[in-house]
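Here is the naming used below: chain letters follow the sequence lines, and residue numbers restart at 1 for every chain.
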Number of protein chains: 2
Amino acid sequence: MDKEKRQKLEENGWAVGSVDEFLELTPEESAYIELKLTLATNLRQRRREQHLTQVELANLMHSSQSRVAKIEAGDPSVSLDLLVRSLLTLGVTQSDLAHMISPAV
Amino acid sequence: MDKEKRQKLEENGWAVGSVDEFLELTPEESAYIELKLTLATNLRQRRREQHLTQVELANLMHSSQSRVAKIEAGDPSVSLDLLVRSLLTLGVTQSDLAHMISPAV
DNA sequence: TGAAAGTATGTCGCATTTGACATACAATAG
DNA sequence: CTATTGTATGTCAAATGCGACATACTTTCA
C-alpha cells in the first residue's frame, strides 16, 4: 500500500532476496516486491546479454527508454504486467520465467 | 492489442496450453494470455481447496466478489498484477508460482 | 579533456485497471 | 417450488499505469 516504503526499499543496494518485513510489510507485500525485483534484475541481465540498449528494447516493445529504465529499476509505478511483457519480448519462455522465480527449479 | 480477440479466446473451453497463433497473435501475446489463464485456473483451484468463497477471498484481498469472478474468468480487464497478488493472498509461494508457470519444474 | 552514447529521474495528459454496486444466473437444500 | 448461497456480467467514477518528453547523470572512448 505505502508507496514511499517501497521506494525506500528499492533504493540503493538491496540484494535480491533480502527485502523482508523490517518495515511493516505484510508477507504478501514482501513477496510481491521481491518477485518484481527478481524479474527486473533478470530483465537487465538478459537485455545486456543480447547486446541491446534500453532504447532498442523500448522500440521492440513499443515503449520508451524512460519506461525501460523504470522497469529495470523496479520502480513502483511499473506493473508486473509490463515487466513480464518485456521479458517475453526478449524471448523468455515460461520455463525461463519459472527458473527466475524459483531458482531451485 | 485487440481486446475482442482475447475475449473470444478466453471464452468457453480452451484447454490451458492450447491458446496459440490461430488468430493473428504474436508469440508474446499468446504466451501472455496463456500465462494469465494458467494462473487464473490455479487461483480458482486453490481458493476452493481452502474452502473459501469468492466473497471471502475478496475480503482478504480488499477487493470485491465481482472482481474475483473476473480474475478467475481470465477477464481481459484484469491485470497480471492483480492475479498474482490474489495468489499471494492465498499463501502461494514463489516456488508454487514457478510450478504453475512451468509444470515440468 | 570533452563529445557521444547510454541510463536515470521527474512530470504530464491520456488510457487502462480498480473496487463497488446492481442485478442476473446457477446450484443446492429444505 | 422457492429460499439461500455462490457466481457471473455490466457499468461507472476514481485510482493507477502508461508512453512520451525534458533533462540530468554516467560511462566510454578518442
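- Side chains of B:Glu34 and A:Gln94: no donor on one and acceptor on the other come within 3.5 Å.
- A heavy atom lying under 4.0 Å from DNA chain C marks none of the residues of residues 42-53 of chain B.
- Considering CD1 of A:Ile71 and CG of A:Leu82, their distance stands at 4.0 Å, rounded to 0.5 Å.
- In this model, no donor atom of one side chain and acceptor atom of the other lie less than 3.5 Å apart for B:Gln50 and B:Glu56.
- Checked by atom type and distance alone, the side chain of A:His99 pairs as donor or acceptor with a backbone atom of A:Ser95 at under 3.5 Å.
- Between the P atom of D:dA8 and the CD atom of B:Glu72 lies a distance of 7 Å, rounded to the nearest Å.
- Between B:Leu80 and B:Gln65, the residue anchored closer to the 5' end of DNA chain C is B:Leu80, taking for each the nucleotide with the nearest heavy atom.
- In this model, a side-chain donor or acceptor of B:Lys70 finds a partner on the base of D:dG10 within 3.5 Å.
- Side-chain contact between B:Lys70 and B:Ser64: absent, with no pair of heavy atoms (C-beta onward) separated by less than 4.5 Å.
- Residue B:Gln54 has a polar side-chain atom (N or O) positioned under 4.0 Å from OP1 or OP2 of D:dA8.
- Of the candidates C:dT9, D:dT7, D:dT11, the closest approach to any side-chain atom of B:Val55 belongs to D:dT7.
- Relative to the side chain of A:Ser66, the nucleotides C:dT9, D:dT9, D:dC18 differ in distance, and C:dT9 lies closest.
- Going from atom CZ of A:Arg67 over to atom P of C:dT9 covers 13 Å, rounded to whole Å.
- Contacts of B:Val78 with the nucleic acid, taken as non-hydrogen atoms under 4.0 Å apart, involve only primed sugar atoms and P, OP1 or OP2.
- The closest side-chain heavy-atom distance from A:Glu72 to A:Arg67 is not below 4.5 Å.
- Residue A:Ser79 has a polar side-chain atom (N or O) positioned under 4.0 Å from OP1 or OP2 of D:dC18.
- For the pair B:Leu57 CG and C:dA20 C1', the computed distance is 16 Å after rounding to whole Å.
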